[in-house]
Amino acid sequence: MSADNNTTQAAARKASGKKRGKPAAKGAQVPAVQPGTEPGYAARKAATDLLGKIMFKRMPLDGELDLRNGHPGYKRLEPNDRSLVRAILGTALRRRGQIQGVLDALLERPIPEKTGRVLDILHVALAQILFMSIPDHAAVSLAVSLAGRDGRAKPYKGLVNAVLRRATREGSALLEEQSAPGINAPDWMYKRWIEVFGEETAAAIAEAHLLEPYVDFSIKDDVAKWQEQLGGELSCGKSVRLVPEGAIDVLPGFDEGAWWVQDSAAAVPARLLGDVAGLRVADLCAAPGGKTMQLAAAGAHVTAVDVSARRLERLSDNMARMGFEVETVACDLRNYEPDQEFDAILLDAPCSASGTIRRHPDVAWLKREDDVSKLADLQYELLTKAAHWLKPGGLLVYCTCSLEQEEGELQIQRFLLESPEFSRETVDAEAFALPAATVNSQGDFRALPCHNPQKTARLSGMDGFFAARLRKS
């Protein structure tokens, strides 16, 4: 079976490694392994539990993987097993359409409802069998054990065993028969991409989402120095990109606050404000603080506003590590009133986050189509409110990490029609060191996950992002 990617293979190798013990004495009775105590069982159970929470309870994966407040079973795991869980979930979510297609081909009839965790158990096991470098027998036996220990799934233990054993023999051939380019995206979402970007680009977006992400770093000062120190590539002229091995916080420059993690597309909106040195700038919906750090590093006097006090605590921790001082305000923007106008405003509005699926594959399955219109209404309310806090002559940058027109281009079209005191300032791709393809026909920044080619496929791409520059007359 083919491996999904290098990170997945590494996690699989660590998880499947076994120490050799002394052989049992001749004639000695080898104690049976108690169900639920097999090596790797706890990791598969955590992966199964988390997949169910994402798919049926719409719980964001990041929250469940938080080591302070996340899933108890995941928090109890050893670091290698936590890496394995993340690798399994990443594969199961990125490849969900392909996995379901194989499952449909192997089942004589759909699995009935109210069968406990059967569907989640099968998806977790098939992710390993079809796409990961994990021994088939381990994936099968642990899945069967999981089914046997679930009250409602137990009657289907034999079905789980039979389906997965067939998958080990027939899975590769069934994968080769699949041809739909959007098979791993929700139907409603993929249809929208086709309507807006065309079939070829929609397919390229879907293909980009299958790759595990790179990591981009925004540099506090001296990009060339830290590109060399980190051994990375330049992305969008200002960010350093690499595929790190091991923990981020052990890389050179972390302790001294030389850089922070931020996708190169997410770093563009703050740059679009231009020279902000000495200006009073509002960063609205600021947490976790990547854009706040950019503005502070550029010499702005920043007021960071966010509805979540807990997320603002994280922002403050990041500011302290970087040596920045900013004002923070925990408040719903709809209830916020500044004591004076700002010279510049950056509004990173709440959105569907459909541009971040490569880094957050759960987003594709957490969102529903009606979420887009609901969020668009909120975005417009925040945009029109923030516009009143800008000084005449000031610049407002509106942005979202979404691929949806309602959350980007259509927002600006409506805003400019209803706010005659504002005009669009186009983005000059060359001046801002951006790939030419990331500036749309209206002159706004429109990045797609398939933009920004680099030396390898893994290093290529960027978050899907939209940003517009709005000047107040």
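Given the structure is predicted, the values throughout are model-derived calculations rather than measurements.
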Could you tell me whether a side-chain N or O of Trp226 sits under 3.5 Å from a main-chain N or O of Pro252, the two making a donor and an acceptor?
no
To the nearest 0.5 Å, what is the distance between CG (Asp306) and CG (Leu333)?
8.0 Å
Between Ser218 and Gln294, do the side chains contain a donor N or O and an acceptor N or O under 3.5 Å apart?
no
Sorted by chain and residue number, the side chain to side chain contact (heavy atoms under 4.5 Å, CB included) partners of Ala376 (sequence neighbours excluded) come out as Gln379, Glu406, Gln411
Taking all atoms of both residues into account, what is the closest heavy-atom pair of Gly464 and Leu403, and its distance?
CA-CD2, 3.7 Å
Does a side-chain heavy-atom distance below 4.5 Å link Val439 with Thr426?
no
For residues Asp362 and Glu64, determine if any side-chain heavy atom of one lies less than 4.5 Å from a side-chain heavy atom of the other.
no
Does Asp187 CG have over 12 foreign heavy atoms under 6.0 Å away?
no
If you take all heavy atoms of Leu375 and Cys351, which pair is closest and at what distance?
CD1-C, 3.5 Å
Which value, rounded to the nearest 0.5 Å, describes the distance between Asn318 atom CG and Trp260 atom CH2?
10.0 Å
Starting from the C-alpha separation in whole Å, work towards a yes-or-no answer on side-chain contact (heavy atoms from CB on, under 4.5 Å) for Arg96 and Leu51.
CA-CA 11 Å; Arg96 187 168 182 85; Leu51 186 61; 4.2 Å; yes
Rounded to the nearest 0.5 Å, how far apart are OG1 of Thr328 and CG of Leu315?
7.0 Å
I'd like to know if the side chain of Asn80 pairs up with that of Glu78 as donor and acceptor (distance under 3.5 Å, no hydrogens or angles considered).
no
What's the shortest heavy-atom distance between Pro244 and Ile248, and which atoms?
CG-CD1, 3.7 Å
When you compare the side chain of Phe324 with that of Thr292, does any pair of heavy atoms fall below 4.5 Å?
no
May I ask you to test the Met55-Leu93 pair for a side-chain heavy-atom distance under 4.5 Å?
yes
Just by modelled atom types, is the Gly198 backbone N or O under 3.5 Å from a matching donor or acceptor in the Thr201 side chain?
no
Under 3.5 Å, is there a donor-acceptor pair between the Tyr74 and Asp81 side chains?
no
Donor on one side chain, acceptor on other, Ser239 and Ser264, under 3.5 Å:
no
Can you see which heavy atom on Leu366 is nearest to which on Pro60, and at what distance?
CD1-CA, 3.7 Å
Nearest 0.5 angstrom please: Leu347 CG to Leu470 CG, how far?
10.0 Å
Hey, is Asp371 close enough to Arg58 for a salt bridge, meaning N to O under 4.0 Å?
yes
Any side-chain to backbone donor/acceptor pair from Arg358 onto Glu212? Under 3.5 Å, distance only.
yes
Kindly indicate, with the supporting measurements, whether the criterion side-chain contact (heavy atoms from CB on, under 4.5 Å) is fulfilled by Leu174 and Leu106.
CA-CA 9 Å; Leu174 291 171; Leu106 295 175; 3.7 Å; yes
Donor-acceptor contact present, side-chain Thr356 to main-chain Arg359, <3.5 Å
no
Asp249 and Arg321: CA distance, side-chain angles, deciding distance, side-chain contact (heavy atoms from CB on, under 4.5 Å) verdict:
CA-CA 12 Å; Asp249 58 7; Arg321 180 176 74 85; over 6 Å; no
Do other residues, nucleotides or ligands put more than 12 heavy atoms under 6.0 Å from Glu409 CD?
yes
Can you tell me which residue among Arg95, Gln178, Gln98 is in a side-chain hydrogen bond (donor to acceptor under 3.5 Å, both in side chains) with Asn184?
Gln98
Should Arg192 and Glu369 count as an ion pair when the cut-off is N to O under 4.0 Å?
yes
Leu284 versus Ala386, closest heavy-atom pair with distance
CD1-CB, 3.7 Å
Kindly check if the number of other-residue, nucleotide or ligand heavy atoms within 6.0 Å of CG (Asp221) is above 12?
no
To the nearest 0.5 angstrom, please state how far the CZ atom of Arg424 sits from the CD atom of Gln442.
6.0 Å
Got a donor-acceptor contact below 3.5 angstrom from the Lys291 side chain to the Asp283 backbone?
no
Side chains of Trp259 and Leu230: does their closest heavy-atom pair fall under 4.5 Å?
yes
In Å, rounded to the nearest 0.5 Å, how long is the span from OG of Ser235 to CD of Gln227?
11.0 Å
Do the side chain of Arg469 and the main chain of Leu272 share a donor and acceptor less than 3.5 angstrom apart?
yes
Checking the side chain of Asn440 only, and the main-chain atoms of Arg446 only, is there a donor and an acceptor separated by less than 3.5 Å?
no
Hits for ring pair (Phe, Tyr, Trp, His ring centres under 6.0 Å) against His209, two or more places apart or cross-chain, chain-then-number order -> Trp193
State plainly whether the residues Glu381 and Lys385 are in salt-bridge range, i.e. N to O under 4.0 Å.
no
Classify the ring geometry of Phe445 against Phe465: parallel below 30°, tilted from 30° to 60°, perpendicular beyond 60°.
tilted
Indicate yes or no: at least one non-hydrogen side-chain atom of Leu396 is less than 4.5 angstrom from one of Leu383.
yes
Is Glu407 reaching over with its side chain to a backbone N or O of Ser352, donor-acceptor style, under 3.5 angstrom?
yes
Trp365 side chain to Ile54 main-chain N or O, any donor-acceptor pair under 3.5 Å?
no
Please check if the side chain of Arg471 supplies one atom and the backbone of Ser423 the other of a donor-acceptor pair under 3.5 Å.
no
Kindly check if the number of other-residue, nucleotide or ligand heavy atoms within 6.0 Å of NZ (Lys220) is above 12?
yes
Count the heavy atoms belonging to other residues, nucleotides or ligands that lie under 6.0 Å from CD of Glu418, then report whether that count exceeds 12.
yes
Applying side-chain contact (heavy atoms from CB on, under 4.5 Å) to Phe466 and Ile412, what does each step give before you reach the verdict?
CA-CA 11 Å; Phe466 174 85; Ile412 302 307; 3.7 Å; yes
Is a salt bridge present between Asp332 and Arg334, judged by a nitrogen-to-oxygen distance below 4.0 Å?
yes
Closest heavy-atom contact between Ala43 and Val85?
O-CG2, 3.4 Å
Go through the structure and list residues passing side chain to side chain donor-acceptor pair (under 3.5 Å) with Arg117, not counting sequence neighbours.
Asp49, Asp120
Check whether any side-chain heavy atom of Val268 sits under 4.5 Å from a side-chain heavy atom of Cys399, and report yes or no.
no
Between the side chains of Arg165 and Thr168, does any donor sit under 3.5 Å from an acceptor?
no
So does Arg310 have more than 12 non-hydrogen atoms from other groups sitting under 6.0 Å from CZ?
no
Evaluate the side-chain proximity of Phe432 to Thr438: yes if any heavy-atom separation is below 4.5 Å, no if none is.
no
Angle class for the Phe415/Tyr380 ring planes (parallel below 30°, perpendicular above 60°, tilted otherwise)?
perpendicular
